[in-house]
K.L.:
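There's a structure below that I have some questions on.
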Amino acid sequence: MSARTLADTARALVAGDKGLLAMDESNGTCNKRFAQQGIPQTEEARRAYRELIVTTPHLGECISGVILYDETIRQSKKNGTPFLEVIQEAGIIPGIKVDIGAKDLAGHLGETITEGLDGLRDRLKAYFDMGARFAKWRAVIALGDGLPTQACIETNAQALARYAALCQEVGLVPIVEPEVLMAGDHTMERCGATTEQVLLTVFAQLHLQGVMLEGLILKPNMVLPGLSSVQQKSVEEVADATVRVLLHTVPAAVPGIAFLSGGQSAKLASARLNAMNRRSKEWATPLPWALAFSYARAIQQPALKIWRGEASNVVPAQRALYHRAHCNVAARRGDYAS
Ligand code: 13P
């Protein structure tokens with residue numbers, strides 16, 4: 001696959017004011033979210049919910065790419081039309097989550113290593129042949145007493161870079177997702193210092209393993225105080241802290257940064273992205289990359305609560321999904337008003 005094609009796909013994922021919709025919850029995570037809403041945890045319910053998402057009218061006006069899960073990429077609408085066809089017809093690029101989850105890191109209590117490298121080349125080829133044009137791999141970094149360890153950061157960064165190199169070899173744009181979790185009572189400054197260290201390590205590994213920066217998208221966390229921190233921060237403070245860390249760590253050759261929402265409310269995730277894009281003109285250095293979104297919960301959650309597994313709620317749920325997607329398009333322009 002040519003470097004040019006990879007770079008074109010990466011740029012297309014962050015083109016205009018659009019962003020990504022993550023709908024790649026594993027069956028376990030999807031079932032957990034269904035259980036919270038009293039929705040049956042069956043394959044048919046997951047299929048019906050994903051049909052609701054991909055058939056949302058005008059979704060392609062706001063969403064450049066959707067991240068699917070192995071079960072979902074093989075599913076179809078009730079009438080038999082494959083989801084992949086629906087997605088492509090909406091002008092949306094299909095992507096696929098390819099890690100197999102964060103597992104306990106041996107010898108490091110409370111830390112995880114994301115697995116899925118064994119046999120990955122063949123799985124990536126199969127997804128490319130099905131029509132996927134990008135992939136996602138999420139590494140998880142927890143903050144806590146003495147955490148994260150250097151071992152956790154380096155092991156996860158190395159795996160992310162190996163995944164990214166394999167993706168580019170078969171023609172898939174890698175979404176590189178190192179997530180510093182919000183859970184904990186840490187300060188925003190601590191999250192910033194850790195995020196900086198993680199991103200520096202990730203880009204060192206990407207360089208070492210020959211990954212082409214023009215052909216990837218970074219999916220980081222925002223720099224936030226811990227969920228139970230007593231020192232909560234304003235939208236502007238979060239925006240400034242996040243952009244500062246990214247300017248220190250992300251090479252200008254990377255075409256786009258698409259944030260995860262990580263458990264922020266839908267409104268805060270939009271407001272903080274909005275503040276970054278609005279204030280970007282005030283920075284002494286113009287930002288070299290697009291600041292976009294790749295949200296799962298912050299786009300889906302309001303719609304899931306409306307749907308509750310009932311066919312009669314599909315239309316209002318789709319309206320709520322479109323609304324959040326559209327809010328994040330406004331946030332890319334810096335003109336979102338909650
Ligand atoms: P959230 O936006 O819900 O954090 O999910 C994004 C994602 O893809 C997590 O891997």
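Counting starts at 1 for both ligands and their atoms, in listed order.
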K.L.:
Is the Phe34 ring parallel, tilted or perpendicular to the Tyr49 ring (thresholds 30°, 60°)?
P.N.:
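Perpendicular.
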
K.L.:
Between Gln300 and Glu25, do the side chains contain an N or O donor and an N or O acceptor separated by less than 3.5 Å?
P.N.:
yes

K.L.:
Within 45° of the ring axis of Phe83 and under 6.0 Å from its six-membered ring centre, is that where the NZ or CZ of Arg50 lies?
P.N.:
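Negative - Arg50 is either too far from the ring of Phe83 or too far off its axis.
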
K.L.:
Considering only heavy atoms, which protein residues lie less than 4.0 Å from any atom of ligand 1?
P.N.:
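Those residues closer than 4.0 Å to ligand 1 by some heavy atom are Ala22, Asp24, Lys136, Arg138, Glu177, Lys219, Leu260, Ser261, Gly262, Ser294, Tyr295, Ala296, Arg297.
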
K.L.:
Among the clusters formed by ILVMFWY side chains lying less than 4.5 Å apart, do Phe203 and Leu287 turn up in the same one?
P.N.:
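Shared cluster, yes.
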
K.L.:
Please verify the inter-ring angle class for Tyr295 with Phe293; under 30° counts as parallel, over 60° as perpendicular, anything in between as tilted.
P.N.:
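Taking Phe293 first and then Tyr295, their aromatic rings sit tilted (interplane angle of 30° to 60°).
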
K.L.:
As a quick check of understanding, evaluate ring-ring contact (aromatic ring centres under 6.0 Å, His included) for Tyr322 and His326, giving each step before the final call.
P.N.:
CA-CA 6 Å; Tyr322 179 85; His326 195 259; 5.7 Å; yes

